[in-house]
Amino acid sequence: MRGRVGLFLELAGLTIAYVLAAKLGLMMDAVAGFATLVWPASGLALAALFLRGNRLWPAIALGAFLSNLWTGAPLLVATGIAVGNTLEAVAGAAAIRYIPGFAPSLDRVRDALGLVLVAWVTTTISATLGVLSLTTGGIVAAASFAETWRTWWIGDALGDLVAAPLLLVWATKPPPNLPSARRVEWAALGLTLLAMGFLIFGTEAPTLIIGQAYFLYPLLIWAALRFGQRGAISATFLCSVIAITGTALGRGPFARPALHDSLLVLQLFMSITAATFLVMGASVVERRKAVRDLRASQRGLETRVEEGTAALNRANERLVLLKQLEEAVGARDALISIASHELRTPLAAMQLHLDLMTRAILKSPDQESLPDRMMVKLTTFERQIGRLSKLIDHLLDVSRITAGRLELALEEVDLAALAREVADRFDEVLRRADCAVSLQAPVAVIGSWDRLRIEQIITNLLSNAAKYGSGHPIDIEVEGDADSARLVVRDHGIGIPPEDQSRIFERFERLIAGREAPGFGLGLWIVRQVVEGLCGQIRLTSAVGSGTTFVVELPRRPPVERPARATELSASLKRKSQPRVFDWARKN
Ligand code: ADP
């Protein structure tokens, strides 16, 4: 209901506005009373149908019909003219809607040019139908068809060029909240325009030098440059009103004896002016927008450059820290290397003297008289020296491996015989740990390996089996095929939880610490480094409470050429061990 009333009110309002605008135009010395050079009604109709929809067409039809009837047109003639005026407005609105992305603010040059084109083309409909109606109705002689058509067309086109843009721009965009300085400027521009308009069109031409219409151009340029499209269109409209009023009063540079002639020259001038400043206003806005966009993207770019620089600085700082860290790690490795070398010499001397002392005591005829307590002390002393030398050996290996200096002296080695030898040597330890050993190494398994390092592998695995599987048997197996050898060390001890099975191969990783299982967490790490240095691999299977099986697989002939082997292997170790420098550093 409210919608219908609203539509009715809109239709009624538009009809009245159209009739008034039409009457104003028809007062301007219209040809035969109907074809006029001033027709703001066409602009009103175009803007109304574009902004409020085609459903308002009845208001245009009725307004045109009534105003012509009022001016004295016969019923049929008024109907014909009304049809032409309505079709012109509907076609015009449809045409500007067809322009892709058309915005009634007319901010784009393409929209402004589109409107100019629409104004010149669609108004031919009304001119043609209107003048046809007049000639058919006998109001205009057929001989005057062309002149009447021209008048009608210019009047309608100017309505589209001057009135329609004003309505479109002011109806769709709320006036910007201008700072007071700009408001003063806006008022100054309006007053200057009025004053200049009065000087040009309020006086009798051509008596005054100032009475030239193009004197308005600087003011229109001012309006466009400072106030964009809104300024350009409003100023053009104001000029048009002043110029038409002055010319209608017989004043200004376009005044001729006949008002029709005066208006013809004026409206030709105004049509060029309106089209020019419509396009100029749009291009000023477009330029401003481009500058704004450019500034925004420049700001964005600056922010990105600043962020990039900050990130670079952070990366640089990290790099410096990393370098310092590397130097610190290098210094520590060097210290470990020197310290373990230096510790080895007095330790070796102590070991020698302990040996000599033990032998001397054993040889002495009255050894029986030595108290047992003394023997126990000697044995403890020997064991502690053994532990100390093992620690130093491990530290030396760590420093060699991290420095890439672990050299492998390859020779023909029988893995089966070596396993047997180590197991024999371990007899005492295994007995103390209450571990029975079964060795299955039925045939010789010969390969090209570093004897001492292979011994180290077997020793470490066997001592772990005794340490973490005391009281349970240990199985050792050695077997081989044409290309590879396999060493298996199986215990039935405490086992290793699945989540810890890979980390125990890292440096200083231990699952239990304390007196019951002394160690440094280095044995398996060294084993893995040596195995990988020999191009083999080590893996384990384990279940908590049931024991652990370590399997070492080695190629019989590591794929490295003999003379270059030591260096290449150490280089390969260096590559492998380098990243761990940082692991180590993290741990400490
Ligand atoms: P550690 O000197 O501590 O024995 P390793 O590198 O040889 O150093 O071993 C690392 C850790 O792996 C040990 O501390 C232990 O917790 C675990 N581990 C090694 N071998 C065994 C095994 N046979 N059974 C159970 N745990 C083991």
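Both ligands and their constituent atoms are indexed starting at 1 by order of listing. Numbers for residues simply follow the sequence, beginning at 1.
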Check: Asp397/Gln529 side-chain N/O donor and acceptor closer than 3.5 Å
no
Cut-off 3.5 Å, side chains only: do Ser438 and Asp475 have a donor facing an acceptor?
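Yes - a donor-acceptor pair under 3.5 Å links their side chains.
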Under 3.5 Å: N/O of [X] near N/O of ligand 1:
X: Tyr468; answer: yes
X: Arg510; answer: yes
X: Leu511; answer: yes
X: Ala465; answer: no

Work out whether the distance between some heavy atom of Asn460 and some atom of ligand 1 is less than 4.0 Å.
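Contact check Asn460 vs ligand 1: negative.
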Strictly under 4.0 Å, does any heavy atom of Gly521 approach an atom of ligand 1?
yes
Any salt bridge linking Arg451 with Glu455? Criterion: basic side-chain nitrogen under 4.0 Å from a carboxylate oxygen.
no
Going by side-chain hydrogen bond (donor to acceptor under 3.5 Å, both in side chains), name the pairs with one or both residues in residues 296-308, residues two or more places apart or in two chains.
none
Can you name the side-chain contact (heavy atoms from CB on, under 4.5 Å) partners of Glu428, sequence neighbours left out?
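Glu428 satisfies side-chain contact (heavy atoms from CB on, under 4.5 Å) with Arg431, Arg432 once adjacent residues are dropped.
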For the CD1 atom of Ile538 and the CD atom of Glu532, what is their distance to the nearest 0.5 Å?
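So the CD1 of Ile538 and the CD of Glu532 are separated by 9.5 Å.
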Distance, nearest 0.5 Å, that separates CG of Leu225 from CZ of Arg287
8.0 Å
Pick from Leu524, Asp500, Val489, Asn464: the one approaching atom 6 (O) of ligand 1 most closely through a non-hydrogen atom
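Selected option, by shortest heavy-atom distance: Leu524.
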Could you tell me which atoms of ligand 1, counted from 1 in the order shown, lie closer than 4.0 angstrom to a heavy atom of [X]?
X: Thr548; value: 24 (N)
X: Leu522; value: 6 (O), 8 (O)
X: Glu509; value: 10 (C), 11 (C)
X: Lys467; value: 1 (P), 2 (O), 4 (O)

Face-on cation placement of Arg182 at Phe227 ring, 6.0 Å and 45° thresholds
yes
